[in-house]
Each structure stands twice: as structure tokens, then as C-alpha cells.
Amino acid sequence: MAILTKQTNNMNKDLEDFIQHHKIDLADIIDADGLSISVIRNKMKENDILFAYNTTPCNNGGHTIRDRQSHCIVCNTVNIAFMKRTKATGFIYIAGSIFKNYIKIGMTTEDVNKRIIKLNSRGVGKTYDWVVIKAIKCDYANKVELGIHKELEKYKVKSDLYDYKQESSEIFRCKYEKANEILEKYLEENKVVKKEQKNYLINPEKYNNFKNLVNPEYNKQ
């Protein structure tokens, strides 16, 4: 595949091939030719657009297609999937570990049970007894997940203590009822539409025996 560099025409063959190969929706990309950085950023934010082409060439190879965070997606194509994930419809799930007294709030676009199997097989959080308690399907699930994480920040377990840091950063030391309360409040305040909801445990009371423990580092922020 040819590498994208600055061209005088707005949409060249290399760009078309790149977009098609990485399955980028045309609604998610905008032409930045002739626009200032501030203008293009505002347009992308206002219209929820993920990528721009004909941007300022990157330092590594002069590529001119970037994501909303100004990262070159030719140099690092993994950012394409990451950005797409921000708009994906998926499940926000609450899981619990009795062994560690942990609550995990995560997001997945696959079957929630399959996700839990992966967590246990990897030993995320150094525990292997994760059980899904509840899951809600919604649009922009990644954004919803991050918003809930922010609300639960003070209960967050330090992720640098564990492998799989991204997944471990979704772990909190609090009761299920506290996590669920914050989740439901976030959905209501942000008018998030529940496409589907499933309660996996009829009696999740044992996950309410946990303590709501504030991370000591939180008070130093």
C-alpha cells in the first residue's frame, strides 16, 4: 500500500485505498485543506468526525491524515481502531471479584460473558473470579464508560500494580450498589438511552459487602 503524503488534489487514489483498507466511514473523515488547526478541530468536534486528511504533514514520513487527537494514523494505524471505538455501540458492564473485593466497570462490543472469560483467563487485577453482575447496551459506549470511570475516580485501584494496565484501570474498591448508583446517575444526567439491559445476578448482595475505599493518592490530587 502506498504511503499518504501531501497532494494537491483533495482525494487521491492512495487516500481512497487507505480509507477502504481500514474501513473508515466517509462520514468520519473531513478535508482539512486550507483550514487552520483550530478551525478543523472545532469542525471535527462539532460534527463528531474522527479523522482529517490534507492536514499538516507528520514529522516521520510527511503523512497527512490524522485523528482527532492529531496523531498520524499512517504511522500508527492502531489509533484507527481506538478512534472508531469511541463511537461504537456496546455494553457497559459491572463485574465483581469476591476474592479481591473489586468492582470493575468496562465496555465491550462483544458478548459480555465472553469478555468475562477473557478477564479471568488473563487474571486481570490478579484475580480469576470475575462475575458479570449487570450490563447495559448503549450508543457511544466508550464515552459513557470513561464518564463513569471519572465519577468513580476516588475508588480507583492503582493500575500500575497489575498487568493489562488498560483493563486494570477499570477496577475500583467500592460496593456494587455504589458503582451502580453512579452508573445510573450518569446515564440519567447525560440522557443516555438504554438499548438493552440485563441483570446477570438475581441477588448481588454479596457484592455489597465490599467497602468503599478511597485511594490515598486521590486526596493528593
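The number of heavy-atom neighbours closer than 6.0 Å to NZ of K100, taken from other residues, nucleotides and ligands shown, is above 12. For E110, the CD atom counts as densely surrounded, since its 6.0 Å shell holds more than 12 non-hydrogen atoms of other residues, nucleotides or ligands. The 12-atom threshold is exceeded at NZ of K194, counting heavy atoms of other residues, nucleotides or ligands nearer than 6.0 Å. Taking a 6.0 Å sphere around CD of E188, one finds it holds 12 or fewer heavy atoms contributed by other residues, nucleotides or ligands. Within 6.0 Å of CZ in F82 there are 12 or fewer heavy atoms belonging to other residues, nucleotides or ligands.
Heavy-atom minimum distance, K137 versus F91: CB-CE2, 3.6 Å. Nearest heavy-atom pair across N199 and Q197 is OD1-NE2, 3.8 Å. Between Y200 and A135, the closest heavy-atom pair is CE1-CB, 3.8 Å. A pairwise comparison of heavy atoms in Y93 and M107 identifies CE2-N, 3.6 Å as the closest pair. For I133 against Y207, the heavy-atom pair with the smallest separation is CD1-CG, 3.7 Å. In plain terms, the two heavy atoms of L152 and I105 that are nearest each other are CD1-CD1, 3.4 Å.
In terms of modelled atom types and a separation under 3.5 Å, the side chain of N190 and the main chain of L187 share no donor-acceptor contact. No donor-acceptor distance shorter than 3.5 angstrom exists from the side chain of H149 to the backbone of I171, with no hydrogens or angles considered. Between the side chain of D31 and the backbone N or O of D33, at least one donor-acceptor pair lies under 3.5 Å. Listed for the D28 side chain is no donor-acceptor partner under 3.5 Å among the backbone atoms of I24. Between the side chain of N47 and the main chain of I49, no donor-acceptor pair closer than 3.5 Å is present. With N142 contributing its side chain and R85 its backbone, the two residues share no donor-acceptor pair below 3.5 Å. Judged by distance alone, the side chain of T55 and the main-chain N or O of T64 form a donor-acceptor pair under 3.5 Å. A donor-acceptor pair is defined here as one N or O able to donate and one able to accept, closer than 3.5 Å; no such pair exists between the side chain of W130 and the backbone of G125. Checking side-chain atoms of T86 against main-chain N and O of M83 turns up a donor-acceptor pair under 3.5 Å. At distances below 3.5 Å, at least one donor-acceptor pair connects side-chain atoms of N120 with backbone N or O atoms of D129.
Taking hydrophobic clusters as Ile, Leu, Val, Met, Phe, Trp and Tyr residues chained together by side-chain heavy-atom distances below 4.5 Å, V214 shares a cluster with I182. When hydrophobic clusters are built by joining Ile, Leu, Val, Met, Phe, Trp and Tyr residues whose side-chain heavy atoms come closer than 4.5 Å, directly or via intermediates, Y128 is not grouped with I116. Criterion: ILVMFWY side-chain heavy atoms under 4.5 Å apart, direct or through other members. Under it, L35 and L15 are not part of a common hydrophobic cluster. Linking ILVMFWY residues whenever their side-chain heavy atoms come closer than 4.5 Å, directly or via other members, leaves F99 and L201 in distinct clusters.
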- Message: Walk me through whether V157 and N215 qualify under side-chain contact (heavy atoms from CB on, under 4.5 Å).
- Response: CA-CA 7 Å; V157 173; N215 187 325; over 6 Å; no
- Step-by-step side-chain contact (heavy atoms from CB on, under 4.5 Å) determination, V112 to T108: CA-CA 7 Å; V112 178; T108 183; 4.2 Å; yes
- Residues R41, S70; criterion side chain to side chain donor-acceptor pair (under 3.5 Å); working and verdict: CA-CA 9 Å; R41 282 181 177 170; S70 295; 3.1 Å; yes
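Among pairs with a residue in residues 57-70, those fulfilling salt bridge (charged side-chain N to carboxylate O under 4.0 Å, His left out) read D48-R68, at least two apart in sequence or across chains. Sorted by first and then second residue, the side chain to side chain donor-acceptor pair (under 3.5 Å) pairs with a member in residues 172-183 read K134-N180; sequence neighbours excluded.
Looking at H63 and C75, their side chains come closer than 4.5 Å, going by heavy atoms from C-beta outward. Using a 4.5 Å heavy-atom cutoff, the side chains of I92 and C138 are in contact. Between H71 and N76, the closest side-chain pair of non-hydrogen atoms is not below 4.5 Å. E196 places none of its side-chain heavy atoms less than 4.5 Å from the side chain of I136. Side-chain contact between V132 and I94 is absent, with no heavy-atom pair separated by less than 4.5 Å. With contacts defined as side-chain heavy-atom distances shorter than 4.5 Å, the pair V74/F18 qualifies.
Remark: T127 OG1 to L119 CG distance equals 10.5 Å, nearest 0.5 Å. To the nearest 0.5 Å, atom CD1 of residue I30 and atom CG of residue N54 are 11.5 Å apart. Distance CD1/I103 to CG/L183: 11.5 Å, rounded to 0.5 Å. Atoms CZ and CG, from F51 and L26 in turn, are 12.0 Å apart once rounded to the nearest 0.5 Å. Considering CG of L50 and CD1 of I80, their distance stands at 10.5 Å, rounded to 0.5 Å. Rounding to the nearest 0.5 angstrom, the gap separating the NZ atom in K126 from the OG atom in S97 is 13.0 Å.
Partners of D139 under the side-chain hydrogen bond (donor to acceptor under 3.5 Å, both in side chains) rule, at least two apart in sequence or in another chain, are T89. Scored by the salt bridge (charged side-chain N to carboxylate O under 4.0 Å, His left out) test, E151 finds no partners at all (sequence neighbours excluded). For A81, there are no side-chain contact (heavy atoms from CB on, under 4.5 Å) partners at least two apart in sequence or on another chain. Under the rule for a side-chain contact (heavy atoms from CB on, under 4.5 Å), the partners of K211 that lie at least two apart in sequence or sit in another chain are L213.
Using a 4.0 Å cut-off between charged nitrogen and carboxylate oxygen, K156 and E170 do not count as a salt-bridge pair. Between K84 and D25 there is no salt bridge, since no side-chain N of the basic residue sits under 4.0 Å from a carboxylate O of the acidic one. Contact check on E145 versus K150 returns no salt bridge, with no Lys/Arg side-chain nitrogen under 4.0 Å from an Asp/Glu carboxylate oxygen. Salt bridge annotation for R115-D111: absent, with no cationic side-chain nitrogen under 4.0 angstrom from a carboxylate oxygen.
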